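Here is the structure we will look at.
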Amino acid sequence: MSIKTVVIPVAGMGTRFLPATKAVSKEMLPLLDKPLLHYAIEEAKSAGITSFIFVTNLNNKFPSLYLSKNKILESHLREKNKLKTLKMIRDITLKEKNIRLVYQKKPLGLGDAIHRTKKYVGKDDFAVLLPDDLILGRNCLKELISVYNKKNSNVIGVMSVDKKEVNKYGIVKGSIANGRTSKINELVEKPKIKDAPSRLAVVGRYILKNNIFKYLRKISKGAENEIQLTDAISLSAINENVFSYEFSGTRYDCGSKLGFIKAQLACAMLDNSIRKSFKKELEKILRRNY
Ligand code: UTP
């Protein structure tokens, strides 16, 4: 069975990006003219996903607003004969039956967010995608699904980070590595630099076997006093096969100021309509003495 469902958690408070995230949630921050959510949906759709489950808080209705039909906007674009834009807006729309919102009243952690989707995920294995981890280049979810299709096991997207950064991530303790794929023995959430078992860090892409819910039920609060998804995956690795895959794209942490601006620059460089003038302007800005 291939992966058809993605869980996209958006219930966090985005405290690193305040005040911007006081009124608008993090996945709606735009890179050029598209919000992070748009990139997430595009990546999932082109990896073959057809069903979208959002874990959201009571204030955040943005995913359903962004992905459902906007009749007033569509008729305005039709009247103005902006047919290309109309098509683009329509292409974003998902069928109502393919979107589900699951509520997490308090941000108790990513593990808790995923646990809440059990009823809606049903019996299938599924993907998890964090929209603030933007991955440009090769479609990361597609890469992980192709490993899942071969191994029929949990597959986690990882990347190599600087030694001094390991304390910000879930870090992989692996055994047998085969190219980009490793078999995981354990995941350690935010280890001290001296205790880190490797430099392979978990970022926001996972393919999970349905039995992860069994392990999510068993774990209690971990690092940062939150229910950590990595703790459930680590526990499952005792009995189940868990693989990590070093994806080939470039990841930007859009939940941080520096990561977000780097992603913004990369998107500008990828956009043919502005690349040339953008480079000139950037050179001017860099020459100024701030
Ligand atoms: P982060 O760890 O970046 O947390 O969540 P955050 O609250 O969004 O941001 P900061 O750290 O306070 O700045 C990673 C992803 O997991 C979701 C977030 O919405 C984000 O997409 N998340 C996190 C939840 O849905 N629920 C939670 O309890 C925690």
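These values consider heavy atoms only, across backbone and side chains, with no hydrogens, waters or symmetry-generated copies. Counting starts at 1 for both ligands and their atoms, in listed order. Keep in mind that this is a model prediction, so the values were computed, not measured. When a residue number appears, it is its place in the shown sequence, counting from 1.
Summarising the geometry of Leu37 relative to Met28, their closest heavy-atom pair is CD2-SD, 4.1 Å, with the distance given to 0.1 Å.
Inter-residue side-chain proximity for Leu235 and Lys218 is flagged as met; some heavy-atom pair is nearer than 4.5 Å. Side-chain contact between Leu229 and Leu208: present, with at least one pair of heavy atoms (C-beta onward) separated by less than 4.5 Å.
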For ligand 1, find each of its N or O atoms that sits under 3.5 Å from a protein N or O atom, and tabulate the pairs with distances to one decimal place.
residue  : atom   : partner : partner atom : Å
ligand 1 : 3 (O)  : Arg16   : NH2          : 3.0
ligand 1 : 3 (O)  : Lys26   : NZ           : 3.0
ligand 1 : 3 (O)  : Asp132  : OD2          : 3.3
ligand 1 : 7 (O)  : Met13   : N            : 2.9
ligand 1 : 7 (O)  : Gly14   : N            : 3.2
ligand 1 : 8 (O)  : Lys26   : NZ           : 2.8
ligand 1 : 9 (O)  : Gly14   : N            : 3.4
ligand 1 : 9 (O)  : Lys26   : NZ           : 3.2
ligand 1 : 11 (O) : Arg16   : NE           : 3.1
ligand 1 : 12 (O) : Thr15   : N            : 2.8
ligand 1 : 12 (O) : Thr15   : OG1          : 2.5
ligand 1 : 13 (O) : Thr15   : N            : 3.0
ligand 1 : 13 (O) : Arg16   : N            : 2.7
ligand 1 : 13 (O) : Arg16   : NE           : 3.0
ligand 1 : 19 (O) : Ala11   : N            : 3.3
ligand 1 : 19 (O) : Gly12   : N            : 2.9
ligand 1 : 21 (O) : Pro9    : O            : 2.7
ligand 1 : 25 (O) : Ala11   : N            : 2.9
ligand 1 : 26 (N) : Gln104  : OE1          : 2.7
ligand 1 : 28 (O) : Gln104  : OE1          : 3.3
ligand 1 : 28 (O) : Gln104  : NE2          : 3.2
ligand 1 : 28 (O) : Leu108  : N            : 3.3
ligand 1 : 28 (O) : Gly109  : N            : 2.7
ligand 1 : 28 (O) : Gly109  : O            : 3.3

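Side-chain contact, Asn178 with Lys183: no donor N or O sits under 3.5 Å from an acceptor N or O. In this model, a donor atom of one side chain and an acceptor atom of the other lie less than 3.5 Å apart for Glu240 and Tyr215.
Geometric assessment of Lys26 against the ring of Phe17 yields a negative cation-pi assignment under the 6.0 Å and 45° thresholds.
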